[in-house]
> 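Mind having a look at this structure? Questions to follow.
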There are 2 protein chains.
Amino acid sequence: MLDSETKATETPEDHADELRLWLRLLTCTTLIEGEVRGRLRERFDVTLPRFDLMAQLDKAPDGMTLSDVSKRMMVSNGNVTGLVERLVESGHLDRRTSETDRRVQVIRLTKLGRAEFRRMASEHETWIADLFADLTPKDVRELMRLLAKTKASAQKSAARRRP
Amino acid sequence: MLDSETKATETPEDHADELRLWLRLLTCTTLIEGEVRGRLRERFDVTLPRFDLMAQLDKAPDGMTLSDVSKRMMVSNGNVTGLVERLVESGHLDRRTSETDRRVQVIRLTKLGRAEFRRMASEHETWIADLFADLTPKDVRELMRLLAKTKASAQKSAARRRP
DNA sequence: CCAAATTGTTTTAAGCCTAAAATGTTTTCC
DNA sequence: GGAAAACATTTTAGGCTTAAAACAATTTGG
């Protein structure tokens with residue numbers, strides 16, 4: 001009796017460590033995100049979601065569909081609709097209906113959009129480097145590895161719930 | 001010539017690794033946060049910010065001021081005002097003006113609020129455990145350590161900007 | 001004591017975000 | 001071919017979030 005299997009099913013497990021880990025992960029992200037948001041606003045008067053959307057498009061010279069963007073950014077479709085609307089309005093994005101599938105909207109950075117993004121991205125990269133400055137290259141590698149494992153674990157758990 | 005010091009100041013540094021690390025950190029957090037948000041809504045029809053606020057208050061039986069809450073949750077003051085308004089409205093929170101300082105609002109969980117939070121928190125803990133299930137205890141310890149280092153580094157960088 | 005600075009909160013204006021329902025388009029498959 | 005399913009996007013309703021300004025109360029320093 002009281003073998004590990006019995007124990008596992010009958011004793012309420014202690015998950016305090018995982019909870020603390022989650023809170024710490026959230027704290028780090030919130031801290032860095034807030035810092036980046038503030039610097040983007042101060043230096044370039046741009047919001048973080050706008051910057052993130054432009055970053056996605058900068059990596060896709062041939063443009064992306066709204067669905068692609070919403071999957072990559074992990075936000076809802078409706079969210080992207082509004083974000084794109086404002087960025088088209090300000091002249092940073094070009095949007096056109098696909099020739100082959102009239103459901104699909106393809107968006108691209110305009111010349112202005114690309115130029116502004118490149119300017120911001122270069123500075124953004126130095127901010128990130130500064131925020132992580134106390135981590136050694138080994139720390140960075142190790143964090144990358146552990147976060148990859150975390151991501152896989154969370155995706156598996158999400159798939160279990162919603163197969 | 002071309003000694004490491006010269007190189008460090010004249011060559012544009014490569015910060016691609018830190019950038020990738022930041023994106024991965026953000027992905028993990030977004031993934032888990034979205035999962036938790038969805039489960040809270042499905043199971044308890046409650047939003048994540050409401051849950052987070054109640055979690056803070058559960059740890060403070062004597063109540064907290066709005067400022068305390070906003071610092072702990074790392075959100076703006078105005079944000080807390082609205083959140084608290086809705087939670088008072090729904091009977092989960094009790095709010096009163098401090099006797100000794102009439103600027104200060106002290107909020108507490110009501111009996112209902114505490115009961116509902118405990119019920120949700122217990123299930124929430126198992127979700128988190130499941131989301132991190134593939135991490136070994138050693139992984140968890142190592143992540144805790146590296147994230148602590150990350151937090152300290154980011155705080156230092158933030159303090160450099162805004163002393 | 002009292003003006004000035006500080007502190008705690010709310011208000012304002014704008015934008016972000018989600019889930020769910022609605023709309024229009026294409027694909028599937030009988 | 002045509003109904004049904006699937007897909008891409010938009011709309012809707014409501015809540016979250018921020019920065020900045022406004023307001024109220026307390027503390028500080030002459």
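Quick note on labels: first sequence line is chain A, next is B, and so on, each numbered from 1.
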> To the nearest Å, how far apart are B:Q105 CD and D:dA24 C1'?
11 Å

> Base, sugar-phosphate alone, or nothing: which one does B:L48 contact when heavy atoms must sit under 4.0 Å apart?
nothing

> Separation of B:E99 atom CD from D:dT26 atom P, in whole Å?
12 Å

> Please report the distance, rounded to the nearest Å, between CD in B:E33 and C1' in D:dC16.
12 Å

> Checking B:R95 against B:L66 for the side chain to side chain contact (heavy atoms under 4.5 Å, CB included) test, could you report, in this order, the C-alpha distance in whole Å, the side-chain angles of both residues, the deciding distance, and whether it holds?
CA-CA 10 Å; B:R95 148 200 240 150; B:L66 296 199; 3.9 Å; yes

> Taking the side chain of A:T81 as its heavy atoms from C-beta onward, which of D:dT17, D:dT9, C:dT26 lies nearest to it?
D:dT9

> With clusters defined by side-chain heavy atoms of hydrophobic residues (ILVMFWY) lying less than 4.5 Å apart, directly or transitively, does A:L87 cluster with A:V104?
no

> Please say which of B:I128, B:L135, B:V140 ends up in a side-chain contact (heavy atoms from CB on, under 4.5 Å) with A:D17.
B:V140

> Please give, in whole Å, the distance from C:dA19 P to B:L40 CG?
12 Å

> Under 4.0 Å, heavy atom to any atom of DNA chain C: which of residues 85-94 of chain A qualify?
A:R86

> Determine the contact category for A:D101: base if any of its heavy atoms lies under 4.0 Å from a base atom, sugar-phosphate if only primed atoms, P, OP1 or OP2 are that close, otherwise nothing.
sugar-phosphate

> Identify, residue by residue, the members of residues 53-76 of chain B with a heavy atom below 4.0 Å from DNA chain C, and return them in order of residue number, or none.
B:T65, B:L66, B:S67

> Rounded to the nearest angstrom, tell me the gap between atom CG in A:N77 and atom P in C:dA21.
15 Å

> Ion pair present between B:D58 and B:R118, side-chain N to carboxylate O less than 4.0 angstrom?
yes

> Choosing from D:dG15, C:dT10, C:dT18, which nucleotide comes nearest the side chain of A:N79?
C:dT18

> Reading DNA chain C from 5' onward, which residue's closest nucleotide shows up sooner: A:T47 or B:G34?
A:T47

> In terms of side-chain heavy atoms, does B:S70 have a donor or acceptor partner in B:N77 at a distance below 3.5 Å?
yes

> Are any of the side-chain heavy atoms of A:K149 and B:L143 separated by less than 4.5 Å?
no

> Would a 4.5 Å heavy-atom cut-off, applied to side chains only, mark B:T29 and A:L26 as touching?
yes

> Taking only side-chain N and O atoms of B:R41, does any of them lie within less than 4.0 angstrom of OP1 or OP2 on C:dC17?
no

> Between P on C:dT18 and CZ on B:R50, what's the gap in Å once rounded to a whole number?
17 Å

> Please report, to 0.1 Å, the donor-acceptor pairs under 3.5 Å made by any side chain of residues 31-39 of chain B, with sequence neighbours excluded.
unit_1: B:E35; atom_1: OE1; unit_2: A:R162; atom_2: NH2; d: 3.1
unit_1: B:E35; atom_1: OE2; unit_2: A:R161; atom_2: NE; d: 2.7
unit_1: B:E35; atom_1: OE2; unit_2: A:R161; atom_2: NH2; d: 3.0
unit_1: B:E35; atom_1: OE2; unit_2: B:R39; atom_2: NH2; d: 3.3
unit_1: B:R39; atom_1: NH2; unit_2: A:S157; atom_2: OG; d: 3.2

> Tell me whether the side-chain N or O atoms of B:R103 pair up with the base of C:dT9 as donor and acceptor below 3.5 Å, since no angle test is needed here.
no

> Taking for each residue the nucleotide of DNA chain D with the nearest heavy atom, is it A:V104 or A:R37 whose nucleotide lies nearer the 5' end?
A:V104

> If you measure from the Lys or Arg side-chain nitrogens to the Asp or Glu carboxylate oxygens, is any gap between B:E142 and B:R145 under 4.0 Å?
yes

> Could you state the interatomic distance from CE (A:M120) to CE (A:M54), rounded to the nearest 0.5 Å?
4.5 Å

> Ignoring the backbone of B:L83, work out which of D:dT26, D:dC16, C:dG15 is nearest its side chain.
D:dC16

